[in-house]
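Numbering starts at 1 and runs along the sequence shown.
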Amino acid sequence: MIEDREDALWSRARIEALKLRDAGPLGRIVVAVDPPAGMGRESCCGIIVAGLDRTGRGVVLADCSVEGASPAGWAGAVVRAYRRFDADRIVAEVNQGGDMVSAVLKGIDAQLPVTAVRASRGKWLRAEPVAALYEQGRVVHAGSFPALEDQMCDFGPDGLSSGRSPDRLDALVWALTALMLEGGGEPRVRGI
């Protein structure tokens, strides 16, 4: 277990306080994928499954990330997660690979609903609104995800202390952004 960084967006104590045993019925479910820039033993493809409960709270369901996999290997893991959780959509970052990411996924199943997302802001800026959702108690974890939680607690303004890519964290940010920050959740009426 990695120690919490003082400048990290998340703390282990906060994450532990937001764990639950039973997620209950969920509405929309997405599988988010942050493909690696290359292949090899050190590469990791971040794959996070998250959904919305009936109150609009985000629920992290699984960390299905794979290490050292080929594009066909990580794409297979994404499709397995999509089917296992009966997800509604796959959200895939395409900065590293462009159209290839969707093509590899659709090569397994041409009917997959894939939404391509492209990072135009830094990782820290993308993660801040998601960290705020955790602070507000609007996201919970349906279980323990040690590798993901280590990245969350080690992620500072300059990235991870190891210098590696926060692949699992990136996928988490894409999943919760799609569910809760881009109008993909339940419609709400706001006061004037």
Notebook entry, point to check: Can you name the nearest heavy-atom pair linking Ala77 to Val66, along with the distance?
Noted result: CB-CG1, 3.7 Å
Item checked: Close side-chain approach of Tyr82 and Arg89, heavy atoms under 4.5 Å -> no
Item checked: Donor-acceptor under 3.5 Å (Lys106 side chain, Leu112 main chain) -> yes
Checklist line | Test item: Asp150 and Leu148 side chains (from C-beta on) under 4.5 Å apart, heavy atoms | finding: no
Notebook entry, point to check: Which heavy atom in Cys44 sits nearest to a heavy atom in Pro36, and how many Å separate them?
Noted result: O-CB, 3.6 Å
Note to self: Between Arg164 and Glu42, is there a side-chain heavy-atom distance shorter than 4.5 Å?
What the structure shows: yes
Notebook entry, point to check: When you measure from the side chain of Asp154 to the backbone N and O of Ser161, does any donor-acceptor pair fall under 3.5 Å?
Noted result: yes
Margin query: Are Val140 and Arg57 packed together at the side-chain level, in the sense that at least one heavy-atom pair is separated by less than 4.5 angstrom?
Written below: yes
Notebook entry, point to check: Is the number of heavy atoms from other residues, nucleotides or ligands under 6.0 Å of Glu6 CD greater than 12?
Noted result: no
Next item on the list: Report yes or no: do Asp167 and Ser165 form a side-chain donor-acceptor pair below 3.5 Å?
Entry: no
Next item on the list: Measure the shortest side-chain to side-chain distance between Arg126 and Thr177 over non-hydrogen atoms and say whether it is less than 4.5 angstrom.
Entry: no
Item checked: Shortest non-hydrogen contact between Trp174 and Ala32, atoms and distance -> CB-CB, 4.0 Å
Next item on the list: Hey, could you give me the CZ/CG distance between Arg118 and Asn95, rounded to the nearest 0.5 Å?
Entry: 5.5 Å
Checklist line | Step-by-step side chain to side chain contact (heavy atoms under 4.5 Å, CB included) determination, Ile90 to Val33 | finding: CA-CA 7 Å; Ile90 295 170; Val33 57; 4.2 Å; yes
Notebook entry, point to check: Taking it one step at a time, do Val49 and Ile29 satisfy side chain to side chain contact (heavy atoms under 4.5 Å, CB included)?
Noted result: CA-CA 7 Å; Val49 183; Ile29 298 173; 3.8 Å; yes
Notebook entry, point to check: Does some side-chain heavy atom of Val60 sit less than 4.5 Å from a side-chain heavy atom of Ile48?
Noted result: yes
Check: Salt bridge between Asp158 and Arg5, side-chain N to carboxylate O under 4.0 Å?
Finding: yes
Note to self: Is there a path of hydrophobic side-chain contacts, each under 4.5 Å between heavy atoms of I/L/V/M/F/W/Y residues, joining Leu125 to Val173?
What the structure shows: no
Checklist line | Step-by-step side chain to side chain contact (heavy atoms under 4.5 Å, CB included) determination, Trp10 to Leu18 | finding: CA-CA 12 Å; Trp10 287 270; Leu18 295 171; over 6 Å; no
Item checked: Matching residue for Glu149 among Arg168, His141, Arg12 - test: side-chain hydrogen bond (donor to acceptor under 3.5 Å, both in side chains) -> His141
Margin query: To check you understand the geometry: which heavy-atom pair defines the closest contact between Leu169 and Gln151, and what is its length?
Written below: N-OE1, 3.0 Å
Check: When clusters are formed by joining ILVMFWY residues with side-chain heavy atoms under 4.5 Å apart, either directly or through shared neighbours, do Leu20 and Tyr134 land in the same one?
Finding: yes
Next item on the list: Quick one: closest heavy-atom pair of Gly73 and Arg80, and the distance?
Entry: O-NH2, 4.3 Å
Notebook entry, point to check: With side chains defined as the heavy atoms from C-beta onward, is the minimum distance between Val30 and Asp88 less than 4.5 Å?
Noted result: no
Check: Ala131 and Leu9: which non-hydrogen atoms are nearest, and at how many Å?
Finding: CB-CB, 3.8 Å
Item checked: Non-hydrogen side-chain atoms of Val101 and Trp74 separated by less than 4.5 Å -> yes
Note to self: Side-chain heavy atoms nearer than 4.5 Å, only ILVMFWY residues, links allowed to pass through others: does that put Val31 and Met100 together?
What the structure shows: yes
Notebook entry, point to check: Step by step, would you call Arg14 with Glu135 a side chain to side chain contact (heavy atoms under 4.5 Å, CB included)?
Noted result: CA-CA 8 Å; Arg14 183 69 180 151; Glu135 284 299 317; 4.1 Å; yes
Check: Measuring from Glu67:CD to Arg41:CZ, what's the distance to the nearest 0.5 Å?
Finding: 11.0 Å
Item checked: Between CD1 on residue Ile47 and CG on residue Asp63, distance to nearest 0.5 Å -> 8.5 Å
